[in-house]
Asker: 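Let me give you the structure first, and then I'll get to my questions.
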Amino acid sequence: MNSLCEKQNITVLAIESSCDETACAVVKNGREVLSNVVATQIEIHRRFGGVVPEIASRNHTLAIENVVKEAMQKAGVTKEDIDAVAVTYGAGLLGALLVGVNFAKALAFAWGKPLFGVSHIKGHIAANYIGSDLKPPYLCLLASGGHTAVVKVEDFDKLTAIATSRDDAAGEAFDKVARVLGLPYPGGPEIQKLAEQGRVAFEMPKVKLGEELYFSYSGIKTFVINLAHKLEQQGAPLPKADIAASFQEAAVGQLADVTAEISRRLGIKKIAIAGGVSANALLRSRFDEMRKNGCEIFYPKLCYCTDNAAMIGAAAYFLIRSGAEESPLSLDAKATVPLE
Ligand code: KG4
Ligand code: ZN
């Protein structure tokens, strides 16, 4: 049991540095964002076609102090207003995570506030609580650059994985296919943009909705690579917009179909989506269609889909309310964390 769980109002200062965004937010009672500052390194990594871990760590080190100061200024708070310091401890790039974890530890120690290590995965899911009244139980599709899964959120801190990806994560597939098409990193938004100019001209492999439900992106990815090779050998131009539209249709279709099937089988009609890919417009329209079948659909605001610290502050609040122990100052960064 922590010392805060019965306190009426809880204000959390949260830090996130698991990949290429240095972020800090101040969040009140898990649902109200007082400030949300994100310093992105996308432009820096773009020239390498993806995130370079060592460069990410160095840039987090350069940015973190100012990002935290700015978040406090924008929220209009001082250290006396902060009840707890929260930080993403995993999953992510170890060196990148360590910058946030060590900064958070130092703040918690210097301010005499409790520290809470938060799972990045639970953070993405908690993005759905911001500005909404969503409560468990519900199903959540998590689709990011590192994870693809449908989880049953039984309580704020109790998740059960129902289906996961057998190979690539959805966002990873968007990024890899974008690379084949010569589009810059990160590929998801670029494919979405290009797909608007194309049509679904290629039928890509689909997963079977059999007894065991799962996601798989290797078949779609290989299809695109083989198609690009074949056309190159023939000296034919690459119909990039049509490939983008066809890939997006297959990638998003799979996410929606598997989630809808799980909803049907489990009889759970409250559904949320989370992670970078949940920013995708086609994905949102597919989930909107599920409303016709009586489903209640929740999305995070676009700014809380990709990595940010507000979602970590939201997850920390519900962790604190659940009575979880505070993290020791020996809290370590973890490259992977269990989904549940
Ligand atoms: O959640 P996130 O910011 O980081 C991880 O935890 O991985 O997700 C990043 C992923 C990238 O692969 C990016 O291409 C994808 O989310 N993404 C999108 C869109 N915006 C970001 N994928 C499809 N459509 C989008 N609009
Ligand atoms: Zn993420």
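Just so you know, ligand 1 is whichever comes first in the structure, and atom 1 is the first atom listed for that ligand.
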Asker: Quick one: nearest non-hydrogen protein atom to atom 24 (N) of ligand 1, plus distance?
Answerer: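 Closest protein heavy atom to atom 24 (N) of ligand 1: N280 ND2, 3.0 Å.
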Asker: Are S246 and E203 close enough that a side-chain donor and a side-chain acceptor fall under 3.5 Å?
Answerer: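 Their side chains do not contain a donor-acceptor pair, so the 3.5 Å distance test is not met.
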Asker: Check each atom of ligand 1 against the heavy atoms of H120 and keep those under 4.0 Å away; list them by number with element.
Answerer: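 Contacts of ligand 1 toward H120, numbered from 1: 6 (O).
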Asker: Considering only non-hydrogen protein atoms, determine which one is nearest to atom 20 (N) of ligand 1 and report residue, atom name and distance to 0.1 Å.
Answerer: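 Of every protein heavy atom, G276 O, 3.4 Å lies nearest to atom 20 (N) of ligand 1.
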Asker: At a 4.0 Å threshold, what atoms of ligand 1 neighbour a non-hydrogen atom of D175?
Answerer: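 Counting from 1, the qualifying ligand atoms are 11 (C), 12 (O), 13 (C), 14 (O).
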Asker: Is the ring centre of F202 less than 6.0 Å from the ring centre of F247?
Answerer: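 Between F202 and F247, the centre distance exceeds or equals 6.0 Å.
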Asker: Just which atoms of ligand 1 are under 4.0 Å from any heavy atom in Q192?
Answerer: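 Those atoms are 24 (N), 25 (C), 26 (N).
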Asker: Only N/O/S atoms count here: what is the atom of D307 closest to the Zn ion (ligand 2) called?
Answerer: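 Per the distance ranking, D307 contributes OD1 as its closest N/O/S atom to the Zn ion (ligand 2).
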Asker: For ligand 1, which atoms have a heavy atom of G171 less than 4.0 angstrom away?
Answerer: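 It comes down to these atoms of ligand 1: 12 (O).
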Asker: Distance only, no hydrogens: is a donor on one side chain within 3.5 Å (strictly under) of an acceptor on the other, for S216 and D167?
Answerer: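 Their side chains do contain a donor-acceptor pair, which is all the 3.5 Å distance test asks for.
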Asker: Checking a contact table here: which protein heavy atom is nearest atom 10 (C) of ligand 1, and how many Å away?
Answerer: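 Of every protein heavy atom, G145 N, 3.6 Å lies nearest to atom 10 (C) of ligand 1.
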Asker: Would you say G188 has any N or O atom under 3.5 Å from an N or O of ligand 1, going by distance alone?
Answerer: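 For ligand 1, there is an N or O atom that lies under 3.5 Å from one belonging to G188.
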Asker: Report the atom name of the nearest N/O/S atom of H124 relative to the Zn ion (ligand 2).
Answerer: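 It is NE2, the N, O or S atom of H124 closest to the Zn ion (ligand 2).
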Asker: Answer yes or no for R166 and Y214: cation-pi contact, defined as NZ/CZ to six-membered ring centre under 6.0 Å and angle to ring axis within 45°.
Answerer: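 Yes, R166 and Y214 form such a contact.
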Asker: Where is the nearest protein heavy atom to atom 2 (P) of ligand 1: which residue, which atom, and how far?
Answerer: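 Among all protein heavy atoms, the one nearest atom 2 (P) of ligand 1 is D307 OD1, 3.4 Å.
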Asker: Can you list the atoms of ligand 1 that are under 4.0 Å from a heavy atom of G146?
Answerer: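 Answer, ordered by atom number: 7 (O).
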Asker: Using side-chain contact (heavy atoms from CB on, under 4.5 Å) as the criterion, point out the one residue from V85, V12, N2 that pairs with F116.
Answerer: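 In the set V85, V12, N2, the residue that makes a side-chain contact (heavy atoms from CB on, under 4.5 Å) with F116 is N2.
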Asker: Less than 4.0 angstrom from a charged side-chain N to a carboxylate O is my criterion; do E249 and R286 meet it?
Answerer: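 Yes, this pair counts.
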Asker: Could you check whether H60 and S17, counting side-chain N and O atoms only, form a donor-acceptor pair closer than 3.5 Å?
Answerer: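 Result is no, nothing qualifies.
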Asker: Measure H147 to ligand 1 on non-hydrogen atoms and call it side chain, backbone, both or neither using the 4.0 Å cut-off.
Answerer: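 It is neither part, as no heavy atom is under 4.0 Å.
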Asker: Between R284 and Y299, is NZ or CZ placed under 6.0 angstrom from the six-membered ring centre and within 45° of the ring axis?
Answerer: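 Yes; both conditions hold, so R284 lies above the ring face of Y299.
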Asker: Do N308 and E21 have side-chain atoms, one donor and one acceptor, less than 3.5 Å apart?
Answerer: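 N308 vs E21: no donor-acceptor pair found between side chains.
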Asker: If you measure from each heavy atom of P189 to ligand 1, is any distance below 4.0 Å?
Answerer: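 True for this residue.
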